[in-house]
Amino acid sequence: MDTGKRIARVYVDVAAEGTDKPFDYRVPEEMRPVVEVGSRVRVPFGTRKRMGYVIEFAESSSAQRLKALSEVMDIIPPLTPELVELARWIAEVYLCPVITALHAMVPAMLKGKYRRILRLDPGFREEGLLSEGETRLVNQLRKQGELSLEQALQLPGVNRSLIKGLILEGRLISEERAGDRVTRKRITWIRPALEREELAQKAEKLDARAKRQKEVLRHFIHEPEEVPLPALLSRLGAARSTVKRLVEKGCLQWEEREEYRDPFADKTFQPASPLPLTPEQEQAFQSIVTPLQAGRYHPVLLHGVTGSGKTEVYLQAIMEALKAGKQAIVLVPEISLTPQMVERFKGRFGDRVAVLHSGLSGGERYDEWRKIRAGGVQVAVGARSAIFAPFTRLGLIIIDEEHESSYKQEEQPKYHAREVARQRCIHHGAVLVMGSATPAVDSYFRARTGGYEWVTLMNRVHGRPFPRVDVVDMRQELKEGNRSIFSLPLREALADCADRGEQAVLFLNRRGFSTFVLCRECGEAVGCPHCDISLTYHRSNRTLRCHYCGYTEGMPEHCPSCGSSHIRYFGTGTQRVEEELARSLPGLRVIRMDVDTTHQKGAHERLLSAFGAGKADVLLGTQMIAKGLDFPGVTLVGVIAADTTLHLPDFRAAERTFQLLTQVSGRAGRHEKSGRVVIQTYSPEHYSIRMAADYDTETFYRRECKLRKIHRYPPFCGMFTLLFSHTDRAAVMRAGMKAAERLKPFLPEGAELLGPVPAPIPRIKDRFRIQLMIKHDLHIDEWNGLIEALRHLRTGLGDPELRVSIDREGL
DNA sequence: AGCACGCCGACT
DNA sequence: GTCGGCGTGCTC
């Protein structure tokens, strides 16, 4: 009966270089049937108790002395062996501790919480108590039974060494609790404990006054099925105590059962049937379904223009996966997980789909996840982290809007969901579908060169023509004496649009383009005292705010650097655009969407639905309105300044600009009416703007690839970006130089190291930032120890104030 | 990470 | 002479 699980190898929940390896534990006999690879366990670790994950089993261990597992924490292991393997892969390629990768895969609810608890020893002796603090602590413990270490330290006169002393004397017991915040919703179910005739007999024998009890029994005589207690009580208008008495008399039984919270309980979804596919869609569908049914790994880039019906292809492909007894994951960018989107999936797949929405509470999210883990649902829809949905029979992963930057995680582990998805698909022999109207240059390149199958949807479903795009040269406007935010063509287009009773969307690029305060005497912009960035002026409360650290100050009267009173705000924030819109086209009803107006929960949705209901003529906003929204009434899209993203120090600036412009253009005229797009810019000749205006995707990508190749950027090389930050300017530079020196001997053939140079934003939150970059050939046989050297950097530079973050691209 | 063990300055 | 500072190293 020995299952071979004698020794469990465990990654302990301590993210540090020294602990980033498995620790071996003896598995007590009784735990062997429940512990699995992927189980969450509690283990003694040093003097403390921590949680950890079992990653494999062994027959023997090289460790000197083995401790035993304390507990297996879940009946169903949170992770599958595949996900454990995946975590090790992520840790390796994205240079993070394995435990960090493991944590990224489970809902926050399961993450460890540790508390040190103090209790009095049962044989506690009063004698020899000296200090006031000791007396106070002992009294408090007598009253409450136990205290957390933090609580104890709050007491006056109590400090760490006092507590330590009491522990050493054996008067105080200190124990660490490792746990989680899991609260599984429990529901009591009631069922009859006796046969129908016996129940009838019992009912007869009841006291004449026991009217309610009789009613309850009568209910079960008629319907002997078990029911949830709350439902029973509300149906019969009975009290809990009535039922309790019947249970005590042995007539009924109750049982507490775990229940899933249903975040969509109060919503009903219209069942929806598949739509007929166009020939193009059919072809795309086939290229997914054929390998799906064959069960072989197959990546597909679904390059489909906006309005070409990609979602319908996804839905039908998922249906095929389900028919084949397989499961599917759908990734969508965080912001486009809208109610409409949820509706569409719920309508098609009903309760076979779990939606991992950022708006869910921790408990709801955990419950959705548990449904996936328990096999209760076959489809998971969600943002980036849904890529870790614990399915065991994955057949299909769909990444919608695959070029979106939100698929890259900014914290450790700094993975890209697209690469993780690829890894999972390879493991499962599954189909990976990446859909976009504007694919990432990397994906385009892979499709071009045969790494991905390239499927295009070039026609819009209802054959609507693409809106006409006009590029307006703002330099020319200025020359002609128009100093307004709006060019003449845009102003006219807006007026026409309003006259026809149609709606317009005005898009303002937020990044690097907002209202800032400038001194006209010395030319200084008012900057954040903690970051190297200008403060943004907020009209609504007349304050200046830093968008990086949140620092806020009132509008200054004088220039902070020269004292001049000639200061005013410049630039074009959404508030400013709104004002000028009111001035030049009075009477237009405008809805503004930006950080200020969407701060409150649900505001985002509320504003959008107001616009959808025709309560405004113009929707004015930042990035957030560029994606996925689809309003029939919109016939005009205006881009206030297309080139603001162009000058960012990022090799993807042109790519981002092209994608953004193409996406916003797609918002115009999606329905019966034809649309129009007006793009204002100071660089009308730039290829990303020109080709977006001409819908010339092909030329744009060719051009961009050529440039990337010349300048050696991904997808033509792999790249590590190292960011060092420190509170001291000199120290961070020193660390950067030292790191560069240290890494040089490890550079493999075909790799080059660049920097250190100041980061694009040289200071954030009072931390100075410098950057190092390593570019390397895509295929490297001999890494020459570079990876290990990079891993070691975090601790190897010896300064605790120094932080190192490593990004990796071009896998 | 945390905590123990270990080696040098200001206090009963 | 001891209490306690924080440097180094280990946790199966």
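No experiment lies behind these values; they were computed from the predicted model shown. Chain identifiers are assigned alphabetically (A, B, ...) following the order of the sequence lines, protein sequences preceding nucleic acid strands; residue numbering begins at 1 within each chain.
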_Just to be sure I understand the rule, does A:Arg50 reach a base, reach only the sugar-phosphate, or reach nothing, if contact means heavy atoms closer than 4.0 Å?_
sugar-phosphate

Nucleotides 10-12 of chain C: which of its N/O atoms have a protein N/O under 3.5 Å away?
residue	atom	partner	partner atom	Å
C:dT11	O3'	A:Gly46	N	3.0
C:dC12	OP1	A:Tyr25	OH	3.4
C:dC12	OP1	A:Pro44	O	3.2
C:dC12	OP2	A:Lys67	NZ	2.5
C:dC12	O3'	A:Asp24	O	2.6
C:dC12	O3'	A:Lys67	N	2.7
C:dC12	O2	A:Asp24	N	2.6

*Have A:Ser725 and A:Lys765 got a donor and an acceptor in their side chains that come within less than 3.5 Å?*
no

*Residues forming a salt bridge (charged side-chain N to carboxylate O under 4.0 Å, His left out) with A:Arg769, sequence neighbours excluded*: none

*Please work out which of the three classes, parallel, tilted or perpendicular, describes the rings of A:Tyr713 and A:Phe651, given edges at 30° and 60°.*
parallel

*Salt bridge check: are A:Glu553 and A:Arg545 linked by an N-O gap of less than 4.0 Å?*
no

Under 3.5 Å, which donor-acceptor pairs link side chains of residues 740-748 of chain A to any protein atom two or more places apart or in another chain?
residue	atom	partner	partner atom	Å
A:Glu741	OE2	A:Lys744	NZ	3.2
A:Arg742	NH1	A:Gly796	O	2.9

_Surrounding CD of A:Glu30 (heavy atoms of other residues, nucleotides or ligands, distance under 6.0 Å), is the total greater than 12?_
yes

*Can you give the first and last nucleotides of DNA chain B, 5' to 3', that have an atom under 4.0 Å from a heavy atom of chain A?*
B:dA1 to B:dA4

*List for me each residue that meets salt bridge (charged side-chain N to carboxylate O under 4.0 Å, His left out) alongside A:Asp728, sequence neighbours excluded, and say none if there are none.*
none

_If the condition is salt bridge (charged side-chain N to carboxylate O under 4.0 Å, His left out), which residues does A:Arg767 pass it with, not counting sequence neighbours?_
A:Glu801

